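Before any comments, here is the structure.
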Amino acid sequence: MATESHPKHHDSLQSICYKRGSLQLLDQRKLPLETLFLEIEGADDGWHAIRDMVVRGAPAIAIAAALSLAVEVSNLEGFIGTSDYAASFLNSKLDYLVTSRPTAVNLSDAVTKLKAVISNAAASAFEAMSVFQAYVEAAEDMLKEDVAANKAIGLDGASFLRSHIKGSKSLSILTHCNTGSLATAGYGTALGVIRAVHAEGILLRAYCTETRPFNQGSRLTAFELVHDNIPATLIADSAAAALMQAGRVDAVIVGADRVAANGDTANKIGTYSLALCAKHHGIPFFVAAPLTSIDLNLSSGQEIVIEERSPKELLNTRGGLGEQVAASGICVWNPAFDVTPADLIAGIITEKGVITKAGNVFNIKDFIHNATSHCCK
């Protein structure tokens, strides 16, 4: 994985820089003090970039994984083998990539879709390169579709908030972790909603939590908000309840790494605490996520596998990258995510509209069926 410092023609808020045969990922561990892009030459580089949190955010992880393999096969020289052999090669690489981070469903969803493309291509082609070409084009389509989905999420969310929240001419929104351009292929999910609300002139202030222990809020979300000149305030994670108690929050909007069929949502650790606080203070709590983040195979959040991160993220400063601050010998529990029960969630903002409850229950399966059936007519 080669390093390129301060590359030309890069937007600092573009975490994924791709053209056919070349992929660079913004090293988000260095932000906001340094802008550094890493050259990704294949699936192995992609796996390590995801695992080491060079790139993070469920949508961005899926896109980065898909494109890392696209770059590898684009630059293959002298590949000898049948179309079936090419399919086996690609499938094994995808199986490897999906092990990089298990909680985000977008990655496994992308792999499932890409495997279908590979299977169809192998069934109709004789040459390996035809299968590779089909894979590369499918991965590139995912990049384009993610940006379009994020912008739709932003517009849908802004429209919903404007029509459903009393006094929505001036909204203050609290968010958690980073769900913006740095966590997606562009624009963002929850932060995309905040961007859209700001663009409509109805945002009073955005509040972002620091999001310990990796500080995605203070390092990344604050960086994006300042970059876009959005009125914003950073708060300690432990200050959220006091902020709500003071009447300074009109809505909470977070992203999602995986949403179960009943609406239970896995997101960055601390999300559940925010949802409980919001419920107590009568503040609507929303999840913003593309449909690819919804896993209908899981009936509830109890089935979601929660990744546990290195103890160093708590023992050392800078999310484990700096000096030790905790006592040597102390035990550490460091889950990367928690699960927010559906009964604490007011709505799920997607690129196809906002999923709301009927009788205090989400019917996500029917929503997705209706949304996808309508778009295919």
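Only heavy atoms go into these numbers, but all of them, side chains included; no hydrogens, no water, no symmetry mates. Remember, predicted model here, so these are calculated numbers, not experimental data.
For the pair N75 (side chain) and G21 (backbone), a donor-acceptor distance under 3.5 Å is present. K352 places no side-chain N or O within donor-acceptor distance of the main-chain N or O of N370, the cut-off being under 3.5 Å. No donor-acceptor pair under 3.5 Å is formed between the side chain of D237 and the backbone N or O of T209. Proximity of a side-chain donor or acceptor of D156 to a complementary backbone N or O of G353 within less than 3.5 Å is detected. Not one N or O on the side chain of R195 forms a donor-acceptor pair closer than 3.5 Å with the backbone of G188. A distance-only check finds no donor-acceptor pair linking the side chain of S22 to the backbone of K19 [under 3.5 Å].
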> Please walk me through it: do N178 and E224 pass side-chain hydrogen bond (donor to acceptor under 3.5 Å, both in side chains)?
Replying inline: CA-CA 9 Å; N178 174 254; E224 292 200 43; 3.2 Å; yes
>> Please evaluate residues E307 and R51 with respect to the criterion salt bridge (charged side-chain N to carboxylate O under 4.0 Å, His left out), reporting the C-alpha separation (whole Å), side-chain torsions for both, the decisive distance (0.1 Å), and the verdict.
In response: CA-CA 11 Å; E307 173 190 359; R51 186 66 184 174; 3.6 Å; yes
>> Show, in sequence, the C-alpha distance, side-chain angles and deciding distance for T189 and L191, and conclude whether the side chain to side chain contact (heavy atoms under 4.5 Å, CB included) test is met.
In response: CA-CA 5 Å; T189 54; L191 195 51; over 6 Å; no
>> What verdict does the side chain to side chain contact (heavy atoms under 4.5 Å, CB included) test give for R212 and L314, after you've listed the backbone C-alpha separation in whole Å, the side-chain angles of each residue and the deciding distance to 0.1 Å?
In response: CA-CA 9 Å; R212 282 189 42 78; L314 285 178; 3.9 Å; yes
> Could you go step by step and tell me if F367 and F362 meet the ring-ring contact (aromatic ring centres under 6.0 Å, His included) rule?
Replying inline: CA-CA 9 Å; F367 178 91; F362 287 117; 9.8 Å; no
> When you look at Q216 and R56, which way does the side-chain hydrogen bond (donor to acceptor under 3.5 Å, both in side chains) test go after all the steps?
Replying inline: CA-CA 10 Å; Q216 294 97 324; R56 24 71 49 210; over 6 Å; no
> Does the side chain to side chain contact (heavy atoms under 4.5 Å, CB included) test come out yes or no for T340 and L276, once each step is laid out?
Replying inline: CA-CA 9 Å; T340 299; L276 287 169; over 6 Å; no
>> Between L26 and L31, does the side chain to side chain contact (heavy atoms under 4.5 Å, CB included) criterion hold? Intermediate values first, please.
In response: CA-CA 9 Å; L26 178 61; L31 291 174; 3.7 Å; yes
>> Pair K115, D95 - check salt bridge (charged side-chain N to carboxylate O under 4.0 Å, His left out), show working.
In response: CA-CA 10 Å; K115 282 186 173 183; D95 287 340; 2.4 Å; yes
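Counted within 6.0 Å of NZ on K312, heavy atoms from surrounding residues, nucleotides or ligands total 12 or fewer; the atom is thus considered open. Within a 6.0 Å radius of CZ in F79, other residues, nucleotides and ligands contribute more than 12 heavy atoms. Within a 6.0 Å radius of CD in E127, no more than 12 heavy atoms belonging to other residues, nucleotides or ligands are found. Atom CZ of R248 sits in a sparse spot, with 12 or fewer heavy atoms from other residues, nucleotides or ligands closer than 6.0 Å.
When all heavy atoms are compared, the tightest approach of I368 to T372 is O-OG1, 2.7 Å. Of all heavy-atom pairs between A256 and T265, the closest is CB-CG2, 3.6 Å. Closest of all the heavy-atom pairs between C177 and T211 is N-OG1, 2.9 Å. Nearest heavy-atom pair across S15 and Q28 is CB-NE2, 3.6 Å. Summarising the geometry of C208 relative to G217, their closest heavy-atom pair is SG-O, 4.1 Å, with the distance given to 0.1 Å. Of all heavy-atom pairs between A66 and M142, the closest is CB-SD, 4.5 Å.
Put simply, the side chain of L97 reaches to within 4.5 Å of the side chain of L69, judged on heavy atoms. Between V131 and I118 the shortest side-chain heavy-atom distance falls below 4.5 Å. For the pair P284/H164, no side-chain contact is recorded, criterion being any heavy-atom separation below 4.5 Å from C-beta on. Looking at heavy atoms from C-beta onward, H198 lies out of side-chain contact with R205 at the 4.5 angstrom threshold. By the 4.5 Å heavy-atom criterion applied to side chains, Y135 and Q133 are not counted as neighbours.
By the 4.0 Å N-to-carboxylate-O rule, R318 lies too far from E313 to be salt-bridged with it. With respect to the salt-bridge test (charged N to carboxylate O, under 4.0 angstrom), the residues D295 and R258 qualify.
Between S88 atom OG and D84 atom CG the span is 9.0 Å, to the nearest 0.5 Å. The CG atom of L234 sits 6.0 Å away from atom OG of S218, with the distance rounded to the nearest 0.5 Å.
In this model, a donor atom of one side chain and an acceptor atom of the other lie less than 3.5 Å apart for Y96 and D44. Checking W47 against S68 by side-chain atom types alone, no donor-acceptor pair falls below 3.5 Å.
Linking Ile, Leu, Val, Met, Phe, Trp and Tyr residues whenever their side-chain heavy atoms come within less than 4.5 Å places V54 and Y18 in a single cluster.
Note that K268 lies in the cation-pi zone of F337, set by a 6.0 Å cut-off to the ring centre and a 45° limit from the axis.
The side chain to side chain donor-acceptor pair (under 3.5 Å) with T292 is formed by just one residue from the set D109, D146, N106, T350; it is N106.
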